[in-house]
Q: 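The structure's right below; bear with me while I get my questions together.
Below, chains carry the letters A, B, ... as their sequence lines are ordered, and counting in each starts from 1. Hydrogens, waters and symmetry mates play no part in the numbers below; they use all other heavy atoms, side chains included.
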Number of protein chains: 2
Amino acid sequence: MELVQIYQCLCDVTRLRLLNLLGQGPLCVCHFQTVLKEPQVKISKHLGYLKARGLVEAKREGNWMIYQLVSKASPELKANLACLQDCVREQAIFKADLARLRKADLSCSPIKADGQPVPRGRRCC
Amino acid sequence: MELVQIYQCLCDVTRLRLLNLLGQGPLCVCHFQTVLKEPQVKISKHLGYLKARGLVEAKREGNWMIYQLVSKASPELKANLACLQDCVREQAIFKADLARLRKADLSCSPIKADGQPVPRGRRCC
DNA sequence: TGATTATATTCCTTTATAGGAATGTATTTG
DNA sequence: CAAATACATTCCTATAAAGGAATATAATCA
């Protein structure tokens, strides 16, 4: 993947917020909606953008799509994601997002802490 | 400066090439033209773009405009420029640019090695 | 002062991107 | 199967950006 494409993915606030959250682990679309408080189209499109350019990957989990950072990232991508995490650490919007993520009910997501099988088919968000 | 603005500056190859060269020190516009082999408008516009967003600064030196990376860069900018330098080290285009830079006659630029006063008013490129 | 050199700006065209409304698709539940 | 839930896609509009041709500006030289 080209370096420029990485930067193209990083030059939108919504996408930075998505990537920031994904730094914590896999998430489903509705949780992004809940945390970012942005409309579904917006979230979905930006996730599609990131996926098309190989920054994230998605798998279907029952009714939900679970997104995560690509498992086999290039050195350039790794470096830039690390740099991003570092830059973002002090910034209000991103800290607030992480705070809301922690408070959110993630019961439909595979990142559930207790390791229980994910309860499927119930209302999520 | 916003983090997103930094990434906006980085999402174009020409600008990455400019920044890569500026990592070596200040340069005048005509040297960018020589090294990148791109038309003057293109170079000038991208430098203007970088300047408008605070990644580079420029000063007039007689007939020439000397561009350099901003002296007082934010932590985010520093981090990302360092990351860029790192990512770019192995890539063909950027290595080739640096090679051409080394071979170029930089007599009209303040980065002249021997510290002599810059000869002004002569033909540069 | 007029010519030359270096650089910036304006104008125009093309393409990319963001955002939202509406609609489509997949999956699960009852 | 019908309804509900989660998500994607299409269509449209507005705005930004890239690139080039032509022109303008600034400084220097002869």
Q: Taking NZ from Lys59(A) and P from dT27(C), how many angstroms apart are they, rounded to a whole number?
A: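 Taking atom P of dT27(C) as the reference, NZ of Lys59(A) is at 16 Å.
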Q: Check every strand shown and say whether Phe32(B) touches a base, only sugar-phosphate, or nothing at a heavy-atom separation below 4.0 Å.
A: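 Since no nucleic acid heavy atom lies under 4.0 Å of Phe32(B), the category is nothing.
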Q: Report the distance from atom CG of Asn63(A) to atom P of dC7(D), rounded to the nearest whole Å.
A: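 The distance from CG of Asn63(A) to P of dC7(D) comes to 7 Å, rounded to the nearest Å.
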Q: Expressed in angstrom and rounded to an integer, what is the separation of Leu50(A) atom CG from dA18(C) atom C1'?
A: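 Checked: the CG to C1' distance equals 14 Å.
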Q: According to side chain to side chain donor-acceptor pair (under 3.5 Å), does anything in residues 81-91 of chain A pair up with another residue at least two apart or in another chain? List the pairs.
A: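 Passing the test, one end in residues 81-91 of chain A: Asp86(A)-Arg89(A).
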Q: Name each donor-acceptor pair under 3.5 Å that joins a side chain in residues 47-56 of chain B to protein atoms two or more places apart or in another chain, with its distance.
A:
unit_1	atom_1	unit_2	atom_2	d
Arg53(B)	NH1	Tyr49(B)	O	3.2

Q: One character per nucleotide, please: for nucleotides 17-22 of chain D, 5' to 3', B when the base has a protein heavy atom closer than 4.0 Å, S when only the sugar-phosphate does, - otherwise.
A: SSBBB-
Q: Between atom CZ in Arg60(B) and atom P in dT5(C), what is the gap in whole Å?
A: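 About 16 Å, once rounded to whole Å.
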Q: NZ of Lys51(A) versus P of dA8(D): gap in Å, rounded?
A: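 After rounding, the reported distance stands at 7 Å.
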Q: So, is Ser44(B) close to the dA8(C) phosphate, meaning a side-chain N or O under 4.0 Å from OP1 or OP2?
A: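 The answer is yes; a side-chain N or O of Ser44(B) sits under 4.0 Å from OP1 or OP2.
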Q: Which residues pass the side-chain contact (heavy atoms from CB on, under 4.5 Å) test with Arg102(B), not counting sequence neighbours?
A: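 Testing Arg102(B) for side-chain contact (heavy atoms from CB on, under 4.5 Å), a comparison that skips the adjacent residues, returns Leu98(B), Ala99(B).
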Q: In whole angstrom, give the distance that lies between atom CH2 of Trp64(A) and atom P of dA8(D).
A: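 From Trp64(A) CH2 to dA8(D) P: 14 Å.
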Q: Rounding to an integer number of Å, can you tell me how far Leu27(A) CG sits from dA6(D) P?
A: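 It is 15 Å, rounded to the nearest whole Å.
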Q: With no hydrogens and no angle check, is any side-chain donor or acceptor of Thr34(A) less than 3.5 Å from a backbone partner on Cys30(A)?
A: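 Indeed, once roles are kept as given, a pair shorter than 3.5 Å links the two residues.
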Q: Roughly how many Å is it from CD1 in Ile66(A) to P in dA6(D), rounded to a whole number?
A: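 About 12 Å, once rounded to whole Å.
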Q: Please name all residues satisfying side-chain contact (heavy atoms from CB on, under 4.5 Å) with Val88(A), sequence neighbours left out, ordered by chain then number.
A: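 In terms of side-chain contact (heavy atoms from CB on, under 4.5 Å), with neighbours along the sequence ignored, Val88(A) is linked to Asn20(A), Leu84(A), Phe94(A), Leu3(B).
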Q: Can you name the nearest heavy-atom pair linking Leu69(B) to Glu57(B), along with the distance?
A: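 In this case the closest contact between Leu69(B) and Glu57(B) is O-OE2, 4.0 Å.
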Q: So, is Tyr67(B) close to the dA6(C) phosphate, meaning a side-chain N or O under 4.0 Å from OP1 or OP2?
A: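 No, outside the criterion.
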Q: Check residues 6-16 of chain A and write down every donor-acceptor pair under 3.5 Å in which the side-chain atom is one partner and the other belongs to a residue at least two apart or another chain.
A:
unit_1	atom_1	unit_2	atom_2	d
Tyr7(A)	OH	Asn80(A)	OD1	3.4
Asp12(A)	OD1	Thr14(A)	N	2.9
Asp12(A)	OD1	Arg15(A)	N	3.2
Arg15(A)	NE	Cys9(A)	O	3.0
Arg15(A)	NH1	His46(A)	ND1	3.1
Arg15(A)	NH2	Gln8(A)	O	3.1

